[in-house]
Amino acid sequence: MSAQTQFSGGFRNAPLDAAHAFRAAMTVMSRPGEIRELTGAVPPEPLSVAAGTLLLTLCDPETGIYLACEIDTAEVRQWLAFHTGAPFVTAAEADFAVGRWGALVPLDAYRIGTPEYPDRSATLIVECDALAQSGAVLRGPGIRDSARLSLPDIPVMQANAALYPLGCDFFLTGGTQVAALPRSTQIIAEG
Amino acid sequence: MSEYNFAYLDEQTKRMIRRAILKGLAVPGYQVPFASREMPMPYGWGTGGVQVSAATLTPDDTFKVIDQGADDTTNAVSIRKFFENTAGVATTEETEKATVIQTRHRIPEAPLTEEQILVYQVPIPEPLRFLEPRETETRKMHALEEYGLMHVKLYEDISQHGAISTAYAYPVRVADRYVMDPSPIPKFDNPKMEMAAIQLFGAGREQRIYALPPYTKVVSLDFEDHPFEPTKADHPCDLCAAEDSYLDEVIMDDAGSRMFVCSDTDYCRARREAGHVGRMGREDA
């Protein structure tokens with residue numbers, strides 16, 4: 001772990017770094033298919049810069065984090081504990097879940113909200129190798145006509161969108177890039 | 001500026017508000033509860049909008065505040081000064097130059113772009129509240145999409161007045177799901193809500209945040225035989241001669257004379273600078 005310790009790699013100027021990071025996160029969540037740069041934090045491997053920045057921007061002692069499989073290392077736990085103070089919880093209790101797609105599924109492990117309070121659902125941060133504006137066709141709020149985004153699993157995400165207004169929301173992270181897929185987006189599998 | 005954290009609120013509060021904004025964007029039109037803070041201004045002066053703006057602003061932003069369309073009213077001036085002091089952001093009165101616009105009860109006349117964010121101050125976020133006072137019941141009505149009561153209210157307007165007389169805070173249906181209160185904007189502004197900018201709504205006293213992503217389908221409720229009509233005073237602006245802008249009526253004296261002026265002061269100013277002159281625009285130009 002050479003120079004990287006649990007104390008390093010946080011925001012240099014927390015209010016400003018978090019403000020810029022949130023604007024990127026809000027932009028992609030309100031415009032599915034958009035890909036933005038998201039930097040500011042330098043998390044330990046295997047957490048990506050975008051995922052680490054997102055967690056520092058949104059998590060604190062009030063939000064439970066679930067670390068899926070290979071993300072769940074001692075270094076990541078210590079780093080998140082020091083910089084966010086967030087408790088680590090099971091998938092069923094998580095406000096935020098982080099991991100690669102294969103480790104996060106099945107989605108029925110997560111909270112999808114209740115009919116009265118659909119906001120009480122988990123947000124999944126899916127670590128991807130790369131993001132691209134290709135693949136599945138997206139339509140719905142935030143999209144003028146249609147958009148395209150490389151999704152890890154179209155049928156499972158379609159099933160999640162079918163639960164609307166319940167369901168999980170997704171951030172897709174790869175390196176320093178972030179995209180998002182809210183539950184309101186209709187997904188059309190098409191070549 | 002160094003006496004305050006950036007944009008006044010502490011970081012944990014901003015994170016809580018930011019999480020609520022993200023859920024609001026994911027479920028357009030749904031009211032997300034949030035732990036609204038005491039702000040250094042009274043409830044009803046835009047505490048909800050101020051908290052949403054504080055969580056949204058970055059130092060690179062240019063901020064504009066309007067109150068009923070005007071940049072120079074007490075509420076607008078004091079909120080603009082508040083963020084000049086606590087966030088150090090640039091401010092402007094020109095709609096085109098702003099990146100974040102906080103508004104009370106109007107949408108600017110100039111079309112907003114994808115680079116802009118519109119933050120509404122909302123007094124009563126629940127469109128069903130005057131029909132059903134219990135929060136437990138209105139929650140259930142939203143969950144079950146039970147919006148018949150709202151149509152009954154609009155129908156009663158027609159049966160009493162011959163037309164839908166609701167003129168502001170006209171209810172809309174968002175993305176074919178939630179009925180939403182657009183805040184007390186005139187119904188003239190309702191068709192503008194399908195816009196390129198992100199729209200965020202903050203209700204401080206009622207502790208609710210909701211949102212509309214760009215290009216979200218927003219339909220004003222109506223009936224086939226009584227379609228929705230955006231209305232305005234049937235006059236041109238007396239200062240800039242605009243036919244297409246929403247007008248305020250100003251009583252001039254006790255003999256019944258009156259003038260109509262653009263409610264959007266920046267739109268009116270820009271038109272007068274471009275040489276448009278209305279009926280009474282000459283002498284004070």
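Predicted, not measured: the structure shown is a model, and the values here were computed from it.
Neither the backbone nor the side chain of Asp176(B) comes within contact range of chain A, judged by heavy atoms closer than 4.5 Å. Contacts between Tyr164(A) and chain B at a heavy-atom distance below 4.5 Å involve the side chain alone, from C-beta outward. The part of Ile117(B) that comes within reach of chain A is its side chain, from C-beta onward, which places non-hydrogen atoms under 4.5 angstrom from that chain. At a 4.5 Å heavy-atom cutoff, the contact between Thr123(A) and chain B is made by backbone and side-chain atoms alike. In this structure, chain A has a heavy atom under 4.5 Å from the side chain of Val100(B), while its backbone stays farther away. For a residue to count as touching a neighbouring chain, one of its non-hydrogen atoms must lie under 4.5 Å from one of that chain's; by this rule Glu194(B) does not touch chain A. When heavy atoms are compared at a cutoff of 4.5 Å, Phe171(A) approaches chain B solely by way of its side chain, counted from C-beta outward. Using a 4.5 Å cut-off between heavy atoms, Gln12(B) contacts chain A through both its backbone and its side chain. Looking at Phe96(A), only its side chain comes within 4.5 Å of chain B, counting heavy atoms on both sides. Looking at Leu166(A), neither its backbone nor its side chain comes within 4.5 Å of chain B, counting heavy atoms on both sides. Residue Ala196(B) touches chain A through its backbone alone, counting heavy-atom pairs closer than 4.5 Å.
For the options Arg183(A), Met26(A), Glu116(A), heavy-atom pairs under 4.5 Å to chain B are most numerous at Glu116(A). When Arg177(B), Met16(B), Glu114(B), Arg19(B) are compared by the number of non-hydrogen pairs under 4.5 Å with chain A, Arg19(B) comes out ahead. If you tally non-hydrogen atom pairs under 4.5 Å between each of Pro115(A), Cys59(A), Pro165(A) and chain B, the highest count goes to Pro165(A). The candidate from Ser121(A), Gly140(A), Pro182(A) with the greatest count of non-hydrogen atom pairs under 4.5 Å with chain B is Ser121(A). Ranked by non-hydrogen atom pairs under 4.5 Å with chain A, the options Asp61(B), Leu212(B), Thr136(B), Leu200(B) are led by Asp61(B).
Judged by distance alone, the side chain of Arg144(A) and the main-chain N or O of Tyr215(B) form no donor-acceptor pair under 3.5 Å.
Looking only at side-chain heavy atoms (C-beta outward), Pro213(B) and Met29(A) stay at 4.5 Å or farther from each other. Inter-residue side-chain proximity for Pro118(A) and Tyr178(B) is flagged as met; some heavy-atom pair is nearer than 4.5 Å. Side-chain contact between Pro141(A) and Lys217(B) is absent, with no heavy atoms from C-beta onward closer than 4.5 Å.
For residues 20-39 of chain B, heavy-atom neighbours of chain A at less than 4.5 Å comprise Ile21(B), Leu22(B), Lys23(B), Leu25(B), Ala26(B), Val27(B), Pro28(B), Tyr30(B), Val32(B), Pro33(B), sorted by residue number. By a heavy-atom distance cut of under 4.5 Å, Arg139(B), Lys140(B), Ala143(B) are the residues of residues 137-153 of chain B near chain A, going up by number.
Nearest heavy-atom pair across Ala14(A) and Glu11(B) is O-OE1, 4.0 Å. Considering all non-hydrogen atoms of both residues, Leu58(A) and Arg18(B) come closest at CD2-CB, 4.2 Å. Smallest separation of non-hydrogen atoms from Ile198(B) and Arg31(A): CG1-NH2, 4.1 Å. The two atoms that bring Arg23(A) and Thr58(B) nearest to each other are CG-CG2, 3.5 Å, heavy atoms only.
With rounding to the nearest 0.5 angstrom, the CG atom of Leu57(B) is 11.5 Å from the CG atom of Leu16(A).
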